[in-house]
2 protein chains.
Amino acid sequence: MKKHTHSNGTTLLENHKLRITPIRQQVLGLFMGKPHALSHSDIEQTLVGDFDRVTIYRTLTSFVEKGLVHKIPAENGVVRYALCKDSCSEEQHHHSHVHFNCGTCGQTFCLENISVPTITLPQGYSFTDMNYLTTGTCKNCNKQ
Amino acid sequence: MKKHTHSNGTTLLENHKLRITPIRQQVLGLFMGKPHALSHSDIEQTLVGDFDRVTIYRTLTSFVEKGLVHKIPAENGVVRYALCKDSCSEEQHHHSHVHFNCGTCGQTFCLENISVPTITLPQGYSFTDMNYLTTGTCKNCNKQ
DNA sequence: GGTCTATTTGCAACAATGTTGCAAATAATT
DNA sequence: AATTATTTGCAACATTGTTGCAAATAGACC
C-alpha cells in the first residue's frame, strides 16, 4: 500500500518558495519514492509525459538553489541529486553527510545516520563544506 | 632554477609498464610541474604541439589504469586528475586522501599529509575506497 | 469568475565532454 | 633492419549541459 505523497510534496515546494508546477511535483515525487540519489538521465527516463530535457535541468537547478535537494558527484563524474534531509534553505545548506556509491548496482545512497568526521585543515585554509564519498558494495548487493 | 624532470618522468612511466611516448611524457610533466589537479581541458589547453583530444582521454585513462594518477570528481561534476603519491599500481590503488577544492581560484589540491578519517558503515555494507572532498578557500586565496 | 504580471516552460541552437572503430604510425623487442 | 603489439589521429557519434527567446501558466489581485 502506497501512501499519497502529493500533498506532502506540494507543501515542501511551498515551504521552499517554489511555484507548484506539474514537473516539479513529479520530480519531487520521484525523489520521495526512491531511497537513492537520481541523475538527470534517471529522471528523464522515468518521468511520465513529455517534458523537455532543459526543463529538467532547470527544475533540478531550482531545487538545489532553494535547498530542496543537493548535488552528489560520483567518482566517474556523473552528477546525482538527493533530497536534503531537513532544515536546508536558500540561505543555508548543511548536508555534510556521508554518501555511499555501490560499485555493483551503481546506485548512490545518503547515509543520513552517519556523521561526517571532521579534519583539521592545514594553516591558511578555510572551510565551507565537505563531502565524504565511500565506494563499495551496498546492503542489497551483498546479499546476493 | 628548474630541475629537469624528464628522466624522472620516463622512469615513472617505465615503472608503471607504460610505453614512453611524447604525449605521455608531456602530460606527466604537467602533473609533476603543478601542485594542483588537472582536468582534461586544462591539459588540452596547456599541451605544446598538436595532440588529439581523444589521445588525451586515452592517455589519462591509461595513467589511471596503471596507478599513476587518480580521478577526483568535483562538486560540479568536473573530473580532475592528480598524481598518485606512491606505491599505487595496476593492482592496487590506495589514494584515500583528502581533496580540497578552492571556491575562489577553482583549483583542487590533494592534502597528502592529512589522513582520511574512517567511518563505520552500516550493517551489510562493504567498503573498497573513500574520498573526502572539502570545499573552501585555499592558502593562496586567503592571503588576498 | 476574470485580469495582470512575473515566473516557468518548450523549442532551437549551440557548447562541452566523453566514446568507438579503424587505418596509419610508432615503441619496444628480436 | 624486420617484426609485432601498442598507440595515435581522424571521423563520426553519444551524452551532458547551457543560452536566448517567445509562448504558456501559476499565483495574486480585483
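Letters A, B, ... mirror the listed sequences (proteins, then strands); counts begin at 1. The structure displayed is predicted, hence computed values, not measured ones.
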Distances for protein N/O vs nucleotides 13-17 of chain C N/O pairs under 3.5 angstrom?
none

Find every protein N or O atom lying less than 3.5 Å from an N or O atom of nucleotides 4-7 of chain C, and list the pairs.
none

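Applying the ring pair (Phe, Tyr, Trp, His ring centres under 6.0 Å) criterion to A:F109, with sequence neighbours excluded, gives no partner residue. For B:Q26, there are no side-chain hydrogen bond (donor to acceptor under 3.5 Å, both in side chains) partners, not counting sequence neighbours. In this view, A:T108 and A:R80, A:N101 satisfy the side-chain hydrogen bond (donor to acceptor under 3.5 Å, both in side chains) rule, not counting sequence neighbours. When the ring pair (Phe, Tyr, Trp, His ring centres under 6.0 Å) test is applied to B:Y81, no partner is found at least two apart in sequence or on another chain. Every residue two or more places apart in sequence or in another chain that forms a side-chain contact (heavy atoms from CB on, under 4.5 Å) with A:T118 is listed here: A:M130. A search for side-chain contact (heavy atoms from CB on, under 4.5 Å) contacts involving A:K139 returns B:Y125, not counting sequence neighbours. When the side-chain contact (heavy atoms from CB on, under 4.5 Å) test is applied to B:S126, the partners found at least two apart in sequence or on another chain are A:T137, A:N142.
First and last contacting nucleotides of DNA chain D toward chain A (any atom under 4.0 angstrom from a heavy atom, 5' to 3' order): D:dT16 to D:dG27.
In this structure, the CD1 atom of B:I43 is 11 Å from the P atom of C:dG18, given to the nearest Å. Distance B:E14 CD to C:dA27 C1': 12 Å, rounded to the nearest Å. As a whole-Å value, the separation of B:D52 CG from C:dG18 C1' is 13 Å.
For A:N113, the CG atom is loosely surrounded, since the number of other residues' heavy atoms within 6.0 Å does not exceed 12.
When the nearest nucleotides of DNA chain D are assigned to B:N76 and B:T59 by heavy-atom distance, the more 5′-ward of the two goes with B:T59. Each of B:R58 and B:P22 was assigned the nucleotide of DNA chain C with the nearest heavy atom; the assignment lying further toward the 5' end belongs to B:R58. When each of A:S62 and B:G77 is assigned the nucleotide of DNA chain C with its nearest heavy atom, A:S62 is the one assigned upstream, toward the 5' end. Comparing A:L18 and B:F51 along DNA chain D, the residue whose closest nucleotide (by nearest heavy atom) sits nearer the 5' end is B:F51.
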(request) Give the intermediate values and the outcome of side-chain contact (heavy atoms from CB on, under 4.5 Å) for residues B:L60 and B:V64. (result) CA-CA 6 Å; B:L60 290 169; B:V64 171; 5.5 Å; no
(request) Kindly indicate, with the supporting measurements, whether the criterion side-chain contact (heavy atoms from CB on, under 4.5 Å) is fulfilled by A:V79 and A:I72. (result) CA-CA 6 Å; A:V79 175; A:I72 313 169; over 6 Å; no
Mind listing the side-chain donor-acceptor pairs of residues 51-58 of chain B below 3.5 Å, one per line with the distance, residues two or more places apart or on another chain?
unit_1 : atom_1 : unit_2 : atom_2 : d
B:D52  : OD2    : B:V54  : N      : 3.0

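Closest non-hydrogen pair, A:T46 versus A:D42, comes out as OG1-O, 2.5 Å.
Atoms CG and CG, on A:D129 and B:L133 in that order, are 8.5 Å from each other to the nearest 0.5 Å.
Computed from C1' positions of five pairs at each end, the angle between the two local axes of the helix from C:dG1-D:dC30 to C:dT30-D:dA1 equals 30°, rounded to 10 degrees.
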